[in-house]
There are 2 protein chains.
Amino acid sequence: MASLKDVARRAGVSVSTVSHVINGYDDISESTRRKVLQAIRELNYHPNSIARNLLLQRSHTVGVVTVGQQSISHPLFNQLIVALAAAVEEADLGIALTVYDPEADSVDGCLQRWHEQRLEGIVVIGMAEESPLVQAVARSKIPAVFVDTQASGPKATWIASDNRQGAYEAVTHLLRLGHRKIAFLQGVPNGRIIRDRYEGYKQALQDAGLPADDTLYEQADFTKEGAYRAAERLFARTVPTAIFCVSDLMAFGVMQWARDKGIAVPDGLAVVGFDDDPASEHVTPALTTVRQSGYEMGLAAARSLLQLIEENTPADPITLPTRLVVRASCGAPGRARTESRQASA
Amino acid sequence: MASLKDVARRAGVSVSTVSHVINGYDDISESTRRKVLQAIRELNYHPNSIARNLLLQRSHTVGVVTVGQQSISHPLFNQLIVALAAAVEEADLGIALTVYDPEADSVDGCLQRWHEQRLEGIVVIGMAEESPLVQAVARSKIPAVFVDTQASGPKATWIASDNRQGAYEAVTHLLRLGHRKIAFLQGVPNGRIIRDRYEGYKQALQDAGLPADDTLYEQADFTKEGAYRAAERLFARTVPTAIFCVSDLMAFGVMQWARDKGIAVPDGLAVVGFDDDPASEHVTPALTTVRQSGYEMGLAAARSLLQLIEENTPADPITLPTRLVVRASCGAPGRARTESRQASA
DNA sequence: CTGAAAGCGCTTACAG
DNA sequence: CTGAAAGCGCTTACAG
């Protein structure tokens, strides 16, 4: 591959001159510039950004880390990455993608590699707070932002939806529809993000003057099948008129169970989910759920990361609003939509 | 950040010596090695891979390109990337992710950047054959593999599922169930991959001795709503007993329409889709569909790319088998599953 | 306007 | 076993 030196030789000038025309300096005579441009074309020359990066002491790349095990990656990954990529490219940064496999990859190995690559920043998507990888990144001096993981460090901060508020609104919606026995289906194991949904649920009930009722609480493993069995356990014990599930997938399991038992949704049982999974609008009845904007999260993550990198300022965590998407699974009157307030912790 | 020279100074040896211990050469005395390791630890030294890459004339990275516009990215992107990342990391290569936005990004700009980065290879996911980006990459000298795009070049090849065979099996399944009036719902605009599904449909009918019937053909824009309207047009003209849709999303639209018209699925109308969208098993009735393995595609793409890079051999295109996933939307007897043959074009 | 020279942080023959 | 030196392909003061 042609180098600066080759171009200089061909154009009959020095490498400094070639470098200047490439970088658009205006101290080059028109005739020289033309000769150089010609030589570049003839040699099909492309500046070597690796050499450039070495000299400038910058990698011009940020890392994005996601988990790949059995495709449990983040439900919003695609939206997230689109926003993130656009924002980061704006700042002339590229993305080095790591699909982290806890089984196969060592945390130290990853950090070693990221240091060697001189990553300018890292965004870690959807991992547990207590994950060794998260802990290690949080402790490192590489600027980092965690998405849906409430971890932070001297150079690290996080972004998440306002899960508490989202759940609060969903449950409030059920209360307004007249429900008083509202069950809660929790997913386990869980992190702060998921536990916040339970907090929102409890708060809504409390604000409505309803007593806490442990018999209405059930949990499952985030699968449709697990939720199905959880519904079975729940109804063997009590008969709620509505149920709030911490994920849409679990809501699908509950709806499946209701169908099998001949319980009509929403008339016999109102169901609300969380995430606005693409499937939510295709199931019957269409699922009322809490939507998070992956795009906004990606944008916010990029902004925080850039701030961390460029201004060296310890960015504050950011909580993004969610939106209740009312569909048919609660027998909602009309298509009312509620915007949650913008919050920033 | 500490450099080799710093480590050498601290350990009281030369940089060559340090380099040798780092790279695991066995011509270093134990005592020297210890001193060096100690210095590395004290300085928290991380070799600069940018410098290393420059010297070795390798970037150690491959590009992955996906389209981001309105999140129409590839339905199998997540699975694909997991397999791709694992295989590529195995070969000590990293992934530089580009989310290509045809509106905002210039094709020349992208190629320029990829050349400057000295990408060792590129995999382009799910773009149209005639896309300028695809054309440019195919013409370039960068080893490339296209996923779900039947384009090739001197250094480029492609990977796709056997769409023709997948459709053939789906339609054959309907034929075996006794259907004779099987409609086809096409998506537009489309590429080879989608048109192959139509070929498979036609072939299946022909092999069953059924005449071609243009009135059974309808098309829509790959959206649920478009499919809904297409179903309306179709049934205004003729009354099929089954319909094969080129995507699950379109199948959902057809099922919605049937529900609105009081036509029962599968008794009044059998429906088959393509893709095995995650929502397929959540809709009611669960959708019979043709599954592609994103994981296998990612693996195959990685293998082809590595072959192109390492052996400099012009890799042949690869066609991967699909699998008919029989669920409830055709009123299928039992849960029979058909494996398609392994094909390689 | 243009060029010679130093240096970014490494690896690799080559001497000793 | 260990070190001095060249060189990967650039950019940037500094001279002229």
Side-chain angles (χ1 to χ4, degrees), chain A residues 1-40 43-61 92 94 112-120, chain B residues 1-40 43-61 92 94 112-120:
Chain A
M1 199 142 221
S3 73
L4 247 202
K5 208 194 292 186
D6 300 323
V7 176
R9 192 169 327 147
R10 177 146 203 141
V13 298
S14 74
V15 295
S16 348
T17 299
V18 177
S19 176
H20 277 211
V21 352
I22 287 173
N23 292 298
Y25 285 62
D26 58 355
D27 58 353
I28 302 289
S29 76
E30 201 41 42
S31 71
T32 310
R33 152 173 280 115
R34 241 194 295 274
K35 276 191 303 189
V36 171
L37 257 19
Q38 168 95 12
I40 287 176
L43 294 171
N44 190 28
Y45 170 71
H46 297 279
N48 184 330
S49 64
I50 299 175
R52 190 164 202 281
N53 287 340
L54 173 60
L55 193 55
L56 269 29
Q57 305 266 53
R58 290 196 51 186
S59 65
H60 279 282
T61 109
D92 203 25
Q112 176 75 19
R113 190 154 41 78
W114 295 334
H115 275 116
E116 294 183 358
Q117 289 180 135
R118 301 295 191 263
L119 252 33
E120 301 190 11
Chain B
M1 197 144 223
S3 73
L4 246 202
K5 208 194 289 186
D6 299 323
V7 176
R9 192 169 325 147
R10 177 147 203 143
V13 299
S14 74
V15 294
S16 348
T17 299
V18 177
S19 176
H20 277 211
V21 351
I22 287 173
N23 293 297
Y25 285 61
D26 58 353
D27 59 352
I28 302 289
S29 75
E30 200 42 42
S31 71
T32 310
R33 153 172 281 115
R34 242 192 296 274
K35 278 190 303 188
V36 170
L37 257 19
Q38 167 95 13
I40 287 177
L43 294 170
N44 189 27
Y45 170 71
H46 296 280
N48 184 329
S49 64
I50 299 174
R52 191 164 201 281
N53 286 341
L54 174 60
L55 193 54
L56 269 27
Q57 306 266 53
R58 289 197 51 186
S59 66
H60 280 282
T61 109
D92 202 26
Q112 176 76 20
R113 189 154 41 81
W114 295 333
H115 274 116
E116 294 182 358
Q117 289 180 135
R118 299 296 190 264
L119 251 33
E120 301 190 11

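Note: hydrogens, waters and symmetry copies are ignored here, and every other heavy atom, side chains too, is used. Each chain gets a letter, A, B and so on, in the order the sequences are listed, and its residues count up from 1. Bear in mind the structure is a predicted one, so any value in this text is a computation, not a measurement.
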*By nearest nucleotide on DNA chain C, pick out whichever of A:T17 and A:L56 is the more 5' one.*
A:T17
*Name the nucleic acid region contacted by B:D27, choosing base, sugar-phosphate or nothing; use a 4.0 angstrom heavy-atom cut-off, strictly under.*
base
*Rounded to the nearest Å, what distance is computed from the NZ atom of residue B:K5 to the C1' atom of nucleotide D:dA4?*
13 Å
*Assign B:N53 to base, sugar-phosphate, or nothing according to its heavy-atom contacts below 4.0 angstrom with the strands shown.*
nothing
*Could you tell me whether B:S29 contacts a base, only the sugar-phosphate backbone, or nothing, with contacts defined as non-hydrogen atoms closer than 4.0 Å?*
sugar-phosphate
*Taking atom C1' of D:dT12 as reference, at what distance in whole Å does atom CG of A:L55 sit?*
8 Å
*Select base, sugar-phosphate, or nothing to describe what B:L54 touches, counting heavy atoms under 4.0 Å on all strands.*
base
*In the structure shown, which nucleotide is the Watson-Crick or G-U wobble counterpart of D:dG16, with both distances under 3.5 Å?*
C:dC1
*Starting at the 5' end of DNA chain D, which residue's closest nucleotide do you reach first, A:A2 or B:R33?*
B:R33
*asked:* Taking B:Y25's backbone N and O only, do any of them form a donor-acceptor pair with B:N23's side chain (distance below 3.5 Å, no angle check)?
replied: no
_side-chain N/O A:Y25 vs C:dC1 OP1/OP2, d < 4.0 Å_ = no
*Using atom types as modelled and distance alone, determine if a side-chain donor or acceptor of B:H60 lies under 3.5 Å from a backbone N or O of B:D92.*
yes
_Rounded distance in Å - CD1 (A:I50) to C1' (D:dC10)_ = 12 Å
*Heavy-atom donor-acceptor pair, A:N53 side chain to A:I50 backbone, under 3.5 Å*: no
*Do any side-chain nitrogens or oxygens of B:R52 fall under 4.0 Å of OP1 or OP2 in C:dG9?*
no
_Side chain of B:S16 (C-beta onward), nearest among D:dC10, C:dG9, D:dG3_ = D:dG3
*Consider the side chain of B:I28, meaning its heavy atoms from C-beta on, and name the nucleotide among D:dG3, C:dG3, D:dT2 that approaches it most closely.*
D:dT2
_Using only atom types and a distance under 3.5 Å, with no angle test, would you say the side chain of B:E120 pairs donor to acceptor with the backbone of B:S59?_
yes
*Starting at atom CD1 of A:I22, determine the distance to atom P of D:dG9, rounded to an integer number of angstrom.*
14 Å
*For C:dG7, does either OP1 or OP2 sit under 4.0 Å from a side-chain N or O belonging to A:Q57?*
no
*Rounded to the nearest angstrom, tell me the gap between atom CG in B:N48 and atom P in C:dC8.*
12 Å
*asked:* Please classify the nucleic acid contact of A:L4 as base, sugar-phosphate, or nothing, using heavy-atom distances under 4.0 Å.
replied: base
*Nearest-Å distance for atom pair NE2/P, residues A:H20 and D:dC14*: 13 Å
*So which nucleotide from C:dT11, D:dG3, D:dT11 ends up closest to the side chain of A:N23?*
D:dT11
*Choosing from C:dC8, D:dA4, C:dG9, which nucleotide comes nearest the side chain of B:S14?*
D:dA4
*Please give, in whole Å, the distance from C:dG9 P to A:R58 CZ?*
16 Å
*Length of the CD-C1' vector between A:E30 and C:dC1, whole Å*: 13 Å
*asked:* With heavy-atom distances below 4.5 Å as the criterion, would you say the side chains of A:T32 and A:V21 are in contact?
replied: no
*Reckon B:S3 touches a base, only the sugar-phosphate, or nothing at all at heavy-atom distances under 4.0 Å?*
sugar-phosphate
*Using a 4.0 Å heavy-atom cut-off across all strands, classify A:S49 as base, sugar-phosphate, or nothing.*
nothing
*Measure the shortest side-chain to side-chain distance between A:L4 and A:I22 over non-hydrogen atoms and say whether it is less than 4.5 angstrom.*
yes
